[in-house]
Amino acid sequence: MTIWKRQIYRENKKEERSRSEHNLVNIQKTHERMQTENKISPYYRTKLRGLYTTAKADAEAECNILRKALDKIAEIKSLLEERRIAAKIAGLYNDSEPPRKTMRRGVLMTLLQQSAMTLPLWIGKPGDKPPPLCGAIPASGDYVAKPGDKVAARVKAVDGDEQWILAEVVSYSHATNKYEVDDIDEEGKERHTLSRRRIIPLPQWKANPETDPEALFQKEQLVLALYPQTTCFYRALIHTPPQRPQDDYSVLFEDTSYADGYSPPLNVAQRYVVACKEPKKK
C-alpha cells in the first residue's frame with residue numbers, strides 16, 4: 001500500500017467515524033429531550049426514524065472500510081509469506097553461502113505464539129456461514145495446502161513410533177497425491193514425504209465465539225492440540241471452548257501419569273487445535 005493510498009484510507013476512516021459519532025450524539029440528545037418532555041410526539045418519532053436510518057448506513061459504510069482494510073492486510077501478509085518461501089528456496093539451493101544456524105528454541109516458540117495471535121478473525125456479512133478452515137471447520141475434501149502453509153503431519157519418530165508434528169508444506173504432487181513437508185522444529189533439515197491422510201491443514205481464520213460458536217470445538221470433544229512449548233500435537237479433550245475472540249481453548253491432554261488419565265487444563269490457541277479422527281480411548 002503506497003503512502004498516498006494509506007493517507008486516503010485514514011481520511012476516509014476518520015470522516016466516516018466523525019459522521020457516525022455526530023449522528024449517535026444526536027440520537028442520544030433526542031432521547032434525552034423526549035424523557036424531559038415525557039412524551040413521544042410525531043416530530044420525535046419521525047426524527048428518530050431518520051437518525052437511526054442514517055446511523056445504520058454510517059455503520060455499514062464504516063464496516064465496508066474495515067473489511068477493505070482487513071483484505072489489504074491479508075494481501076500484504078500473503079506477499080510477505082511468498083517472499084519468505086522464495087528466500088527459503090533460494091537458500092536451499094545456494095551453495096555459495098554457509099548453512100544457516102538452527103533457530104534457537106526460544107525464538108521458535110515466540111514465532112509460533114505470534115503466528116497464533118495474528119491469525120485473522122473471520123468476520124462475515126450477515127447470513128454468511130464460516131468457511132472451511134475457520135476454527136474447527138475442516139478443509140474441503142479436494143483442498144490442497146499451499147507451499148508455506150502450516151499443517152499437522154503424522155510422521156515416524158526416531159524410535160519408530162508415530163507422532164503428529166507441526167510442519168510446513170514444501171510442495172504437493174498431484175501425480176502421487178503426496179506432500180513434501182518440513183518439520184518446523186528442524187529449520188528445513190528434516191523433510192518428510194507423506195500421503196494426504198497424514199496431513200491436517202491448520203485453521204486459517206479464528207472463529208468468533210460470539211457470532212459463530214458452531215465453528216468451534218465443543219466441551220469434551222476429542223482433538224489434536226499442540227502441547228505448550230513444543231512442536232508436537234497430542235490427543236486432548238476440550239475442557240472449555242473460547243468465550244471471546246481473543247481467548248484460547250482450555251484442553252485436557254491425555255496423560256497416564258495422572259489418576260484420571262488427563263493433565264490439568266492447559267491453554268492452546270485456535271491456530272493449533274484440529275480434529276482428531278482416532279477414536280476416544282476408553
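Just so you know, these numbers come straight off a predicted model, no measurement behind them.
- Residues I123 and W205 form no side-chain contact, since every pair of their non-hydrogen atoms from C-beta on lies 4.5 Å or further apart.
- Here CG of L202 is found 11.0 Å from CD of E168. Values are rounded to the nearest 0.5 Å.
- The minimum heavy-atom distance between Q270 and P245, with the atom names listed, is NE2-O, 4.5 Å.
- Under the 4.5 Å side-chain heavy-atom criterion for ILVMFWY residues, a single connected hydrophobic cluster contains both V155 and I199.
- Nearest approach of R191 to V170, heavy atoms of both residues: NH2-CG2, 3.7 Å.
- Remark: side-chain polar atoms of N38 are not paired, donor with acceptor, to backbone N or O of Q35 under 3.5 angstrom.
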Going through the distances and angles, do R235 and E254 end up as a salt bridge (Lys or Arg N to Asp or Glu O under 4.0 Å)?
-> CA-CA 6 Å; R235 292 159 56 100; E254 291 183 353; 2.9 Å; yes
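- Just one residue in the list N208, L133, D128 forms a side-chain contact (heavy atoms from CB on, under 4.5 Å) with W122, and that residue is D128.
- Between E60 and K56 a salt bridge is recorded (basic side-chain N to carboxylate O distance below 4.0 Å).
- We find that E214 and K129 are not joined by a salt bridge, their nearest charged nitrogen and carboxylate oxygen being 4.0 Å or further apart.
- Other residues, nucleotides and ligands contribute more than 12 heavy atoms inside 6.0 Å of the NZ atom of K219.
- Residue T30 comes nearest to N26 through the heavy atom pair OG1-O, 2.7 Å, listed as atom of the first residue, atom of the second, then distance.
- Closest approach of P201 to A139, counting heavy atoms only: CG-CB, 4.2 Å.
- Between Y52 and H31, the ring planes lie perpendicular to each other; the angle is over 60°, past the 30° to 60° tilted range.
- Placement of Y227 and I238 within a single hydrophobic cluster is found when ILVMFWY residues are connected by side-chain heavy-atom separations under 4.5 Å, directly or transitively.
- The shortest distance between side-chain heavy atoms of V151 and V169 falls below 4.5 Å.
- A distance of 12.0 Å separates CG in D248 from CD in Q243, rounded to the nearest 0.5 Å.
- Under a 3.5 Å cut-off, the side chain of Q218 and the backbone N or O of L216 do form a donor-acceptor pair.
- Within the 4.5 Å cutoff, no side-chain heavy atoms of I165 are placed close to those of I184.
- Under the 30°/60° scheme for interplanar angles, the aromatic rings of F253 and Y234 are found to stand perpendicular.
- Residue-environment remark: CD1 (I40) stays at or below the threshold of 12 foreign heavy atoms within 6.0 Å.
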Full working for side-chain contact (heavy atoms from CB on, under 4.5 Å) between L252 and Y258 = CA-CA 11 Å; L252 308 173; Y258 291 92; over 6 Å; no
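- At least one side-chain heavy atom of R196 sits less than 4.5 Å from a side-chain heavy atom of V144.
- Residues K150 and L166 meet the side-chain proximity criterion, which asks for heavy atoms closer than 4.5 Å.
- Interatomic distance, CG of D247 versus CG of N267, reported as 8.5 Å (0.5 Å rounding).
- Between A153 and V181, the closest heavy-atom pair is CB-CG2, 4.3 Å.
- S115 places no side-chain N or O within 3.5 Å of a backbone atom of L111 that could act as its donor or acceptor partner.
- In the hydrophobic clustering of this structure, I27 groups with Y44; members are Ile, Leu, Val, Met, Phe, Trp, Tyr whose side-chain heavy atoms approach within less than 4.5 Å, directly or through other members.
- Side-chain atoms of R198 come within 3.5 Å of backbone N or O of R154 as a donor-acceptor pair.
- To the nearest 0.5 Å, atom CG of residue L24 and atom NZ of residue K29 are 12.5 Å apart.
- Summarising the geometry, atom NZ belonging to K206 is positioned 11.0 Å from atom CZ belonging to R271; distances are rounded to the nearest 0.5 Å.
- N64 places no side-chain N or O within 3.5 Å of a backbone atom of A61 that could act as its donor or acceptor partner.
- Linking Ile, Leu, Val, Met, Phe, Trp and Tyr residues whenever their side-chain heavy atoms come within less than 4.5 Å leaves I200 and L194 in two separate clusters.
- One N or O on the side chain of N23 and one on the backbone of L51 form a donor-acceptor pair closer than 3.5 Å.
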Where do F217 and V273 land on the side-chain contact (heavy atoms from CB on, under 4.5 Å) test, with the steps shown first?
-> CA-CA 9 Å; F217 293 110; V273 180; 3.7 Å; yes
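- Contact annotation: the side chain of Y179 never approaches that of S171 to less than 4.5 Å [non-hydrogen atoms, C-beta and beyond].
- Scanning both residues, L226 and F233, for their nearest heavy atoms gives N-CD2, 3.5 Å.
- Hydrophobic clustering of Ile, Leu, Val, Met, Phe, Trp and Tyr side chains at less than 4.5 Å, counting indirect connections, keeps V274 apart from I137.
- A distance of 11.0 Å separates OH of Y272 from OG1 of T230, quoted to the nearest 0.5 Å.
- Proximity of Y172 to K178: side-chain heavy atoms (C-beta onward) are nowhere separated by under 4.5 Å.
- No side-chain heavy atom of H192 sits less than 4.5 Å from a side-chain heavy atom of E180.
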